[in-house]
Trainee: 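Supplied in structure tokens, the structure appears directly below.
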Amino acid sequence: MLLRETVFAAREQAFSKDLFHRLTDRFIHQHGYRPSPSEARSWEASLPALLDVLLEAELDDVHVLFEYQLPLTSKRADVVLAGTHPRTGEPSYVVVELKQWTNVEPDEDDPLLCRMNGYSHPVLNPIEQVRGYCDYLVYFNGALSFNPDRIAGAAYLHNATEFGVSGLYEVEQSERGRLFSEERRGLFVEFLKSRLAPVSGATAADELLAGKIGPSKQLMAVAAREVREREEFVLLDEQRVAYEMVMRAVRRAAHGDHKEVVLVTGGPGTGKSVIALSLLGELYRQGRTALHATGSASFTKTMRKVAGTRKREVQELFKYFNSFMTAERNGLDVLICDEAHRIRRTSENRYTRAEQRTGKAQIEELIDAARVPVFLLDEHQVVRPGEEGSPQRIRDAAAARNLACREISLDSQFRCGGSDAYLRWVVQLLGLEPGGPIPWEPDDRMRLHVVDSPQELEDFLRERRAEGYGARMSAGYCWKWTTRYEPGEELPADVAIGNWARPWNVYGDRGFAGAPPAALWATDPAGFGQVGCVYTAQGFEYDWSGVILGPDLVWRGDRWVADRTASKDPVFKRSTPDEQMDQLIRNTYKVLLTRGMIGTVIYSTDAETREKLRELVASTTTVPTPAS
């Protein structure tokens with residue numbers, strides 16, 4: 001939330017422009033950069049329009065929460081109104097989404113999406129957008145979890161006539177999702193008065209802001225219900241657009257000889273795998289032929305385990321990218337390629353039979369396998385030589401087959417506590433974006449600590465586990481990995497730093513000495529105590545992440561230096577160029593540093609690097625209380 005005021009005080013400040021200066025200052029403080037010109041203009045155009053309606057409704061003392069950030073995500077609701085219900089006397093809340101739109105049409109194939117001039121892709125119908133925000137708050141805010149009727153939602157299009165937006169009403173309205181144009185201003189006033197009494201909203205606002213934040217729905221914990229039974233995730237904004245874009249393509253393919261590619265891009269934690277599971281669940285329930293594929297053994301095996309516990313056929317929905325060498329052309333309705341940045345040049349390896357060696361690119365095999373191939377990727381998570389999944393490669397492969405490639409970019413952050421500031425800190429720390437490392441300014445969403453020893457890192461994580469949190473340790477691939485174990489012995493402690501030594505996660509498909517197999521390291525509680533590498537951590541998340549920066553990436557003077565001789569990763573060959581090696585090592589640490597949902601603890605084996613990290617990260621000891 002950027003700001004909290006009463007309706008009356010906010011309108012007075014809007015007259016003098018103080019409101020917009022305060023919002024800008026708070027935005028800069030919280031995010032580290034200025035709001036975009038379009039966002040600043042929207043405040044100046046839309047907020048006075050809403051405040052005037054609230055004054056007309058005589059709701060002067062209702063509290064207004066401006067730019068209210070949804071829990072565990074970077075997504076923000078324009079306004080949340082907090083007050084007292086006129087009939088029940090209980091706290092009452094109205095989420096308001098403000099739009100300056102004048103003319104907008106529903107998408108010809110799906111009324112949940114709409115199109116406007118100047119937009120290259122469809123956006124979510126505001127009725128569905130605000131309904132999603134309300135549903136999400138009920139999921140994650142304790143003030144609403146047991147009182148779901150306390151919240152309502154409305155989209156206010158204060159520049160629109162009924163003629164200009166009439167097509168939006170094709171979407172069914174409900175108490176959590178209503179739409180009012182300027183011509184329906186009177187109805188909007190009545191709606192607000194039906195939800196909010198003309199008394200102080202201070203107590204209700206306090207209760208909402210103090211509501212316990214529920215833990216994020218861990219991807220694997222709900223996968224079984226998601227795939228087998230019903231929707232468990234709430235998809236917001238561009239996530240929902242991506243979902244509807246795929247479902248629309250599926251409908252087009254079913255009604256004719258049609259084929260198209262869908263490309264969904266986004267950084268870590270933007271919800272790509274959530275979209276993938278939601279799609280797979282719905283397609284499975286509709287009886288469509290659909291499969292989920294990745295290049296990650298850990299992710300695929302974990303999905304098979306948790307989603308296919310009771311049904312063998314569910315396990316078979318999860319495949320690998322190299323499973324489609326001999327697939328029938330367009331034999332599937334949909335192929336969902338999750339973590340598509342891990343697509344390799346070819347599916348062939350030394351075990352491939354001669355008759356299957358066609359020389360065909362893996363990306364072409366995946367496109368050919370389904371009427372609607374869907375690619376979800378983050379090109380900054382490429383961590384191995386030979387991984388070629390990039391947006392441009394997918395566009396080129398689609399164009400070579402004369403196929404349309406529909407694209408959507410995911411911007412909102414759901415991992416790392418929904419902290420845009422932390423994600424920006426990581427990419428600038430590692431030089432993946434220009435500007436250089438910046439000091440970490442705590443944002444109350446993500447905790448960050450630097451420690452002076454691996455033992456301190458482990459002890460800190462053990463304390464968090466004792467408080468009910470999940471935690472894992474991971475490291476750069478800078479120590480040899482024992483891959484054969486003798487029965488009756490303990491896991492070899494390969495990761496040795498001074499007097500501290502711990503084993504890598506188990507190598508292979510079977511658990512050993514009480515430790516889970518590699519594929520389950522990130523999700524099985526017994527994975528704590530072993531050190532994970534990027535290949536077992538990628539695609540997963542846990543509450544607290546402990547990251548060991550090895551000697552393969554050290555700070556020297558004013559820059560990072562990648563040392564290829566310090567890497568023990570067998571995928572790096574002498575032929576791997578230094579520039580590519582440097583990029584892959586940085587990408588590796590970006591993956592490791594973005595696994596934590598609540599906090600990250602960092603240790604570097606190099607003294608100068610630790611000093612630089614200490615310079616950037618002030619020491620903090622505050623630890624959040626687990627949500628119940």
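The structure presented is a predicted model; accordingly, all values stated were derived computationally and were not measured. One-based numbering along the sequence shown.
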Trainee: Around atom CD of E39, are there more than 12 heavy atoms of other residues, nucleotides or ligands at under 6.0 Å?
Mentor: yes
Trainee: Please report the closest heavy-atom contact between V130 and V95, naming both atoms and the distance.
Mentor: CG2-O, 3.5 Å
Trainee: When you look at CD of Q392, are more than 12 heavy atoms from neighbouring residues, nucleotides or ligands closer to it than 6.0 Å?
Mentor: yes
Trainee: Might you point out which heavy atoms bring A202 and R4 nearest each other, and give the distance in Å?
Mentor: O-NH2, 3.2 Å
Trainee: State whether a side-chain donor-acceptor pair under 3.5 Å links Y133 with Q129.
Mentor: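 Yes, Q129 and Y133 have a side-chain donor paired with an acceptor closer than 3.5 Å.
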Trainee: Examine R464 relative to F460 and say whether NZ or CZ is less than 6.0 Å from the centre of the six-membered ring and inside a 45° cone about the ring axis.
Mentor: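 Judged by the rule (NZ or CZ under 6.0 Å from the ring centre, within 45° of its axis), R464 counts as positioned above F460.
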Trainee: Can N159 and T102 be counted as having a side-chain donor-acceptor contact under 3.5 angstrom?
Mentor: no
Trainee: Does one side chain, of S390 or H341, offer a donor that lies under 3.5 Å from an acceptor on the other?
Mentor: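 Absent: no donor and acceptor within the cut-off.
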Trainee: Is R115 paired with D107 through a side-chain N to carboxylate O contact shorter than 4.0 Å?
Mentor: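 Counted as a salt bridge, because a side-chain N and a carboxylate O are separated by less than 4.0 Å.
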Trainee: Taking only Lys NZ, Arg NE, NH1 and NH2, and the carboxylate oxygens of Asp or Glu, determine whether R131 and E128 approach each other closer than 4.0 Å.
Mentor: yes
Trainee: In terms of side-chain geometry, is the basic nitrogen of D52 or R11 positioned less than 4.0 Å from the acidic oxygen of its partner?
Mentor: yes
Trainee: Apply side-chain hydrogen bond (donor to acceptor under 3.5 Å, both in side chains) to D338 and S273, showing your working.
Mentor: CA-CA 7 Å; D338 201 358; S273 293; 2.8 Å; yes
Trainee: Does R195 come within less than 4.0 Å of E175, counting only side-chain N to carboxylate O?
Mentor: yes
Trainee: Going by atom types only, do S419 and D443 share a side-chain donor-acceptor pair under 3.5 Å?
Mentor: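 Short answer, yes.
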Trainee: Should the pair E244-R248 be classified as a salt bridge under the 4.0 Å nitrogen-to-oxygen rule?
Mentor: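 No salt bridge links E244 with R248.
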Trainee: Does a salt bridge link K75 with E238, judged by any charged N lying under 4.0 Å from a carboxylate O?
Mentor: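 Yes, this pair counts.
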Trainee: Can you tell me if Q100 and R41 form a side-chain donor-acceptor pair at under 3.5 Å?
Mentor: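 R41 and Q100 do not have a side-chain donor-acceptor pair below 3.5 Å.
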Trainee: Take atom CD in E162; do more than 12 heavy atoms of anything else shown fall under 6.0 Å from it?
Mentor: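 Check passes, neighbour count above 12.
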Trainee: Are R184 and Y169 in a cation-pi setup, meaning NZ or CZ lies under 6.0 angstrom from the ring centre and within 45 degrees of the ring axis?
Mentor: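 Checked: cation-pi criterion met.
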Trainee: Please check this pair: side chain of S92 against backbone of L196, looking for a donor-acceptor N/O pair closer than 3.5 Å.
Mentor: no
Trainee: Which atom names give the shortest non-hydrogen contact between R472 and L461, and what distance separates them?
Mentor: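 Smallest interatomic distance, heavy atoms only, reads O-CD1, 3.7 Å.
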Trainee: Going by distance alone, is a donor N or O of one side chain under 3.5 Å from an acceptor N or O of the other, for W43 and E67?
Mentor: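 Per modelled atom types, W43 and E67 side chains form a pair under 3.5 Å.
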Trainee: Do the side chain of R26 and the main chain of L2 share a donor and acceptor less than 3.5 angstrom apart?
Mentor: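 Yes; at least one donor-acceptor contact below 3.5 Å.
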Trainee: Tell me the closest heavy-atom pair linking A205 and Y93, and the distance in Å.
Mentor: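 Reported closest heavy-atom pair: N-CE2, 4.5 Å.
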Trainee: Does a salt bridge link K193 with E58, judged by any charged N lying under 4.0 Å from a carboxylate O?
Mentor: no
Trainee: Take E407 and T265 through the test side-chain contact (heavy atoms from CB on, under 4.5 Å) and record every step on the way to the result.
Mentor: CA-CA 8 Å; E407 298 186 35; T265 59; 5.7 Å; no
Trainee: Can you establish whether the number of heavy atoms outside Y33 located under 6.0 Å from its atom OH is more than 12?
Mentor: yes
Trainee: Determine the interplanar angle of the H449 and W544 rings, folded into 0 to 90°, and report it as parallel if under 30°, tilted if 30 to 60°, perpendicular if over 60°.
Mentor: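 Tilted, since the angle between the ring planes falls between 30° and 60°.
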Trainee: Using the side chain to side chain donor-acceptor pair (under 3.5 Å) rule, pick out the option among R178, E182, E97 that qualifies with Y156.
Mentor: E182
Trainee: Taking D78 for its side chain and L98 for its backbone only, find out whether a donor-acceptor pair lies under 3.5 Å.
Mentor: yes
Trainee: Any side-chain donor-acceptor pair under 3.5 Å between T600 and Y422?
Mentor: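 Judged by distance alone, the side chains do pair up.
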Trainee: Is it true that the side chains of Q13 and E5 contain a donor and an acceptor less than 3.5 Å apart?
Mentor: yes
Trainee: Under a 4.0 Å threshold between the charged nitrogen and the carboxylate oxygen, would D378 count as salt-bridged to K590?
Mentor: yes
Trainee: Check this for me: does any side-chain nitrogen of one of D420 and R445 sit under 4.0 Å from a carboxylate oxygen of the other?
Mentor: no
